[in-house]
Structure formats: C-alpha cells, structure tokens
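Below you'll find the structure, written out as structure tokens, and then a few comments.
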Amino acid sequence: MKSYQIDPDFLWGVATSANQVEGGWNEDGKGMSIADCLRYRPQLDVTNYKATNSISSRQVKEAMSDLSTKNWAKRHGVDFYHNYHEDIKQLAAMGISAFRFSISWARIFPNGDDQEPNQAGLDYYLDLVKEMNKYNIEPIMTLSHYEIPLNLVLNYDAWYDRRVIGFFDRFAKTVIDYLHDYVKYWIPINEIDSIIRHPFSSAGLIEDRFPNKNFKNVIYQAMHNQFVASARIIKYCHETYPDLKIGCMITSTMVYPYNSDPRNVLRATEIMRNVYAFSDIQIRGQYPKYLLKKLKEEDIKIEEKAEDADLIKRNTADFIAFSYYSSVCTAYDTRGLQVTKANRINGVYNKYLPESEWGWQIDPIGLRLSLIKLYDRYQKPLFIVENGLGASDVLTNDKKVHDDYRICYLRDHIHQMLISLVEDGIELIGYCVWGTTDMISASSNQISKRYGLIYVDLDDEGNGTYKRYRKDSYYWYKKLLSFGNKIPMSFFDEPLTHVNESAVS
Ligand code: BGP
C-alpha cells in the first residue's frame, strides 16, 4: 500500500491562544488586557475588517467602566482557565504531539510595568505545560498573541513606546526562565506582520491617542520596537538555553495575479513582499532595501538606537512559523473586480476557488505554494502553526457535529503538505490545526465562527453550558494521527463517514 513516509519526530498538533480561550480575565491577580476591551458587535459586518479592527479611546473607556464578563467575549473565552486539564486530556486522546498556546502577558505582569511577576499566573502556566508534558505533548509557546496589558496602552504608548521593549523583555525572560524545562519551542510575537493590518490587537495602538503624529509612522515605529524586542529574546535564548528553538511568525496568505498580465504579476509580488519583509528582517537580520525605499518614499522615519541593527543582524530566528487559511487574487487596477476576503485582508475573487461562510477562499494548493516559496527564500525549517476553517457548526439533538466541510478542508490541506514534504525538499517541523476547542474569533469576537475539533456549547451573547462535544473532525484527525509516520495515500480518498461517540463528559 502506497504511503507518505514522514519524519517520526514530525509534530502533529493543535493551536489556540490565551485571549481566545482562557477567560478568567480578572482572576488570580490578572490585569486587564487589550483583549478584554473587545466584544462582538453584531451591528458590524464581520467581514468589514476596517470596522472590526478599529477601536477608539472612548470604546476602551467604555470597556473599563463595565466590569461584567458576559458581554465581553474574550473575558470569558471558553473558560479554558478552569477546564484546561479536561481539555488537554481530550485533545491528547487524539494522539497529538504538539499544542500551540500563548501566555497572557497581563496574567504574569498585570500592569506590564510591574517589578515583580504575579506568582499565580506563573504557576498556572507551569501546571498547564506540565499537563501537556504528562501526555508527551510539546508545548509551542507564543509570548504575545494579540494582547498587551491595557496599562501599557493607557500610561505609555504601547509598542510605539521604546520602554515597552524593556517591559516585554522582563516578561519574556521571566516566563522562559520559569518554563524552559517544559517548553522547547517559542514564538515571540504572533503574525508580526499583522501590525500593519490591525495595529490595536497586534500592538495596542489606538489612532486617536496620536493626534499630532502620522499614524502610519507610529505603526512602523512600533513594528521596529517589536523586532528589537524579538531579537533580544532570541539572543537571550541562544545564550542562556541553547537547546530552545525560537522562531518568527508571519501570516501566509497566498496572493495570486488576477491574470497573466505582467502588471498584475508585479502587483501580486509586491503584496507578498510586504509580508516577507517581516520574515526577511527576522531571518536575514536586516531591513530589505525595498522596505527602506518604501519607508523613505512615504516619509516614515523610524527612531532606532545605534545597537539595534547589529542586535537584529546577530540574533535571527531558528525557524519560520506561519499561519495559512486562504488565498486571494490581486490586480494593478482592481476597479470593477469582485472583492473577496481573507485573513483580515481584502483581495480580488478567484473564480477557481470556493469560499468559506466568512468569505475566505479555500485553496489547499496555496499551502504547498507557501511552503515552497518560504523554504526557497530562507532554507530554514518551517512550521505550520495555524491552519483551519471557521464555520457555523450545528450541534445535533444527539450531541453530534457532522463537520464534513472541516474534514474536507483539513484533509486537502494536509494532503498538499504531505505531497510537499515528499516532492519539494522542504524542512517542516510540524503542523497545527487552528483550533483546539471552539474559541472566540480574533477578528469578529464571535464564538459562532467555530474552528475547534471540539464543540463548545456557547453563543455569541455568552449564553451556554460551556459543555464540550467532540466533532466528526476530531475523530478524523485522530484516525490520521493513528497512522504514525506512515500515512496511506488512500486515506485521502476515503469517503467521509459519521461517527457515534460524542459527549465528552
Ligand atoms: C489568525 C490569528 C488567530 C486566529 C486566526 C483565525 O490570524 O493568529 O488568532 O484567530 O487568524 O482568524 P479569526 O479568528 O479572525 O477567524
């Protein structure tokens, strides 16, 4: 029987982030984070990213004056904070070998500028990684996944403020010192390129707090500060814990030319380069000339210290992690072309591809292309740390979720990844499905945009039992993992069948 033979150490995992699942937003000494100011706004078109991504100081004040939980989706998450033993047990039962998670900065340093860490926060994450370790699951830890203590936004200028580099340094080193025995893989900042698309969730930047500044310049300054902060942590790990692997992470949305008009091919290349600039800096150790030229043309001035360039040059990442969900087309002139959506970017509709309910075009081959392009560009190990389908699942009366559409999505993307592993000569550390249990969406703050392999009984208004139910995709992924490092090719042609066992507890 023909099969895909892969490295026995290949990591098969699941991924999520603290602010999207934990809840417990004000428990055990945790401070308020920017994520606690975000809520689902039904009046907004969830695919209108400009609207869903923007936030004002007035809205932050409103959030601070309302200490309730129910209406603020990321304050309750799916209550992972009180259910993580059971959730990890259920996920481990699938046979996973990796679990990507993130640390809530405000759970460790409630105000961000505190001198001493919050011990309860450190102990929670220690118990969490020990729990993963119990099942031989590698924790893949992100230090900043779309959250920063709110105090650093209100009393400093968030990541625009160079002092935040020092605060992040203290936070990161405290956590790494505390958890390094259990966590080998680290990612300083989630999707570092996303600062351009959504500066609040990525860097705590609120435009109306910089009335006398060019906000684009503020964003690029914050970007630079994040590069310096990341390089300092890479340096610390390489010097103090040489066995640890510390990566950089970008958003890999494939951008194709709308047609073979060379001007469209050029436009697509430009857009891809705008994202690659972020991995170029963290892998090659310097700002690419094309970005420096763009900044000059737009009169954007980045303030940097003399030692910054050398620090970034000498301390580059060990691997390139990326998220992949979809692809878009582009053209040098998009007027009159149908618009499509992707991971918080707009593009031109691709007539060859289907769309998800949230308008993200589904393109498994795009994942293989991402692997080829990134490996050809850097010849460094890659890591797919997010791939999944947001969909509005239905829990049947007998507590089942028949998410064939998610199984098809995962099957086709994983198939392309395995083909790439066999055909394209790439190095790949592992693959993580985005979603563990269902969680609160990063862009729309909805739970109803479900990604998990385990369903959580909760609605967008915060009503529900929080009970967990295994979806059909849970059993599909479990079967895939049961093959170990020899996966029969026929598995990807098998017709989908519904399973019987569902309720977890
Ligand atoms: C990525 C984020 C994740 C996740 C995912 C899906 O960009 O790193 O946090 O949420 O996108 O996006 P969404 O939740 O907006 O559907």
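Ligands are counted one by one from 1 in listed order, and the atoms in each one are counted from 1 as well.
If you take CG on Leu395 and CZ on Arg450, they are separated by 8.5 Å, rounding to the nearest 0.5 Å.
Within the structure, the closest approach of His145 to ligand 1 falls below 4.0 Å when heavy atoms are considered. The shell of residues lying under 4.0 angstrom from ligand 1, judged by heavy atoms, excludes Tyr324. Taking a 4.0 Å cut-off on heavy atoms, Tyr451 registers as neighbouring ligand 1.
Partner Gln90 forms a side-chain contact (heavy atoms from CB on, under 4.5 Å) with one of Arg470, Arg468, His85 and no other, that one being Arg470.
Atoms of ligand 1 found under 4.0 Å from any heavy atom of Ser441 (numbered from 1 in listed order, with element): 13 (P), 14 (O), 15 (O), 16 (O).
Side-chain atoms of Asp87 and Asn83 form no donor-acceptor pair, as typed in the model, at a separation below 3.5 Å. In the model, Tyr236 has no side-chain atom that pairs as donor or acceptor with a side-chain atom of Asp169 under 3.5 Å. Between Glu22 and Tyr124, the side chains place a donor N or O and an acceptor N or O closer than 3.5 Å (distance only, hydrogens not considered).
When Glu386, Glu191, Lys449 are checked for heavy-atom proximity to atom 3 (C) of ligand 1, Glu386 turns out nearest. Relative to atom 12 (O) of ligand 1, the option among Tyr146, Trp360, Trp434 with the closest non-hydrogen atom is Trp360.
By the 3.5 Å distance cut-off applied to N or O atoms, Ala442 is counted among the residues near ligand 1.
When heavy-atom distances to ligand 1 are checked against a 4.0 Å cut-off, Asn190 comes that close only through its side chain, counted from C-beta outward. Only the side chain of Tyr325 comes within 4.0 Å of ligand 1, counting heavy atoms alone; its backbone N, CA, C and O stay farther away. By the criterion of a heavy-atom distance under 4.0 Å, the side chain of Gln20, and not its backbone, is placed next to ligand 1.
Here Ala92 pairs with Tyr135, Ile137 under the side-chain contact (heavy atoms from CB on, under 4.5 Å) rule; sequence neighbours left out. By the salt bridge (charged side-chain N to carboxylate O under 4.0 Å, His left out) test, Arg284 pairs with Asp280, sequence neighbours left out.
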